[in-house]
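When a residue number appears, it is its place in the shown sequence, counting from 1.
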Amino acid sequence: MRRSRDIWIGAAMLAVAAAGIGLLVHSPHTAGPPYRLEGHGSLGLSGLGAGLRSAGIGVGASVAPTIPSHGLTVSVEPDELSHDEAAAWLRSVRSGAVLLLAIDHPDPLTQALGLRYGFPGDARPTPTGLRAFPALRPAPVPAATTFADVSSRDAVIIGTRNAAAMVLVPVGRGSVWVLSQPRVLTNAGIAGDGLALALPLATRTGGTVGIDAFHQGGSPTLGSLAYLPRWVQLLILEAAIVAALAAIAAARRLGSTVPASGHADRSTVELVRSLAAMHRSADRLGAVTAPLAQAYRARLGGLADQAEPALRELESAASAPTAVRACVRIEEITRRVTGGDR
């Protein structure tokens, strides 16, 4: 009966754990990028994400340090992008990924792309930019910094006479579209030029967009485990749960780790020693031995005659050793006449 109950309890716990694992794996918790739409809460879509989704584009938050080798990834002011991550991003772009990057300061990725920041300026869409993005407004785009020494004017999407506020950098089979004015992709600029840039890129790359939330403080719920394949995550977590259940079941069968109290196994001799020690100094040994002899007589009943000499010796004992010897004799007689252990 107990084993059957343990099996049912274990099965129920596994079912609950599997449901929780599935929820964790499929619903990563992320703080989200800082350009989210007002009123959507800490996990709401950004204004850019909301606009793309309303146009039928699939939008998701990326909480990994790397980017996929396909589709469009949008990153606004990535924080603490390492050299290794920049190299991994470039490998993905070479394989066919498209990156829309908005950043107003040098970092490992802009350095790897060969971009050098220059002076501020009011940049306008170039003829190349208007052909690539017809919905761009012809109005100037104020930029606190621009890219200087761009090698080809054909790569400038938004620029001034001598600099660029947005430039195209082809890399292998993919491309990186870099803005020096992040405001264009924030809520403040979405209605102006942000969607005009992101929507055509998302359409050309298959209709899905990943917004980089990892470098804005987002992280997967399961930590490093979340970067493993999904089936490996489930296997590891369920194996850990099974091991925990097995340990609990084994502990229940092994019993308590606290030793049982020993007072129930103490013999009458030990009781006599203890009581005798209490009364020895006051010369009141008789206050212990007399009641103890009466208890023995009541216990033996009609068989008390066989232990009478030892009982009298116990009643008249003048010292603790004498009382103990008398108790030992009484116990031996009791076991002999009753056939018991006590």
Side-chain angles (χ1 to χ4, degrees), residues 30-36 46-49 61-67 72-94 97-126 129 133 136 140-153 155-171 174-190 192-194 196-198 201 209-219:
T30 172
Y35 44 98
R36 52 184 171 264
S46 69
L48 176 61
S62 172
V63 290
T66 56
I67 63 174
L72 173 65
T73 299
V74 179
S75 182
V76 179
E77 292 282 32
D79 185 35
E80 297 183 357
L81 184 74
S82 69
H83 288 276
D84 289 339
E85 289 169 354
W89 282 25
L90 289 179
R91 286 195 297 270
S92 295
V93 174
R94 288 191 188 95
V98 176
L99 174 63
L100 177 56
L101 174 68
I103 185 168
D104 61 5
H105 60 275
D107 78 343
L109 184 56
T110 59
Q111 293 170 2
L113 293 172
L115 297 175
R116 186 173 65 85
Y117 285 87
F119 299 99
D122 288 342
R124 294 176 179 271
T126 65
F133 304 98
L136 276 178
V141 177
T145 184
T146 57
F147 300 114
D149 302 329
V150 178
S151 59
S152 171
R153 295 302 299 175
V156 178
I157 306 302
I158 302 173
T160 66
R161 182 182 299 274
N162 300 313
M166 181 177 181
V167 64
L168 165 62
V169 183
V171 181
S175 57
V176 183
W177 305 74
V178 193
L179 277 158
S180 66
Q181 174 54 285
R183 184 181 176 86
V184 173
L185 295 183
T186 64
N187 283 346
I190 288 301
D193 296 319
L197 293 170
L201 288 177
V209 178
I211 297 178
D212 173 32
F214 182 87
H215 294 95
Q216 301 293 346
S219 61

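Between T126 and G159, the shortest heavy-atom contact is CG2-N, 4.1 Å. Annotation for V93 and L99: closest pair CG2-CB, 4.5 Å, computed over non-hydrogen atoms. Minimum interatomic distance between S180 and A143 (heavy atoms only, all atoms of both residues): OG-CB, 4.2 Å. Here the closest heavy-atom approach between residue G129 and residue L136 is recorded as O-CD1, 4.0 Å. Listed here is the closest heavy atom pair of V156 and A163: CG1-O, 4.5 Å. When all heavy atoms are compared, the tightest approach of P78 to A102 is CD-O, 4.3 Å.
Counting heavy atoms from C-beta outward, E77 and H105 have side chains that approach closer than 4.5 Å. Between L109 and L90 the shortest side-chain heavy-atom distance falls below 4.5 Å. T73 has its side chain out of reach of W89: every pair of non-hydrogen atoms, C-beta onward, lies at least 4.5 Å apart. In this structure the side chain of L201 reaches within 4.5 angstrom of the side chain of F133, judged on heavy atoms. At a threshold of 4.5 Å between non-hydrogen side-chain atoms, the residues L113 and V171 count as touching.
The closest donor-acceptor contact from the side chain of T146 to the backbone of F119 lies under 3.5 Å.
Atoms CG and CE, from L101 and M166 in turn, are 10.0 Å apart once rounded to the nearest 0.5 Å. Rounding to the nearest 0.5 angstrom, the gap separating the NE2 atom in H215 from the OG atom in S62 is 9.0 Å. The distance from atom CD1 of I158 to atom CG of D193, rounded to the nearest 0.5 Å, is 5.5 Å.
Residues satisfying the ring-ring contact (aromatic ring centres under 6.0 Å, His included) test with Y117, not counting sequence neighbours, are F147. Not counting sequence neighbours, the partners of D122 by the side chain to side chain contact (heavy atoms under 4.5 Å, CB included) test are P140, P142. Applying the side-chain hydrogen bond (donor to acceptor under 3.5 Å, both in side chains) rule to T110 yields the partners D107; only residues at least two apart in sequence or on another chain are considered. Scanning for side chain to side chain contact (heavy atoms under 4.5 Å, CB included) contacts around A87 gives R91, with sequence neighbours left out. H83 pairs by the side-chain hydrogen bond (donor to acceptor under 3.5 Å, both in side chains) definition with nothing, not counting sequence neighbours. Residues satisfying the side-chain hydrogen bond (donor to acceptor under 3.5 Å, both in side chains) criterion with S175, sequence neighbours excluded, are W177.
Tested against V74, the residues L185, L197, D212 include a single side-chain contact (heavy atoms from CB on, under 4.5 Å) partner, L185.
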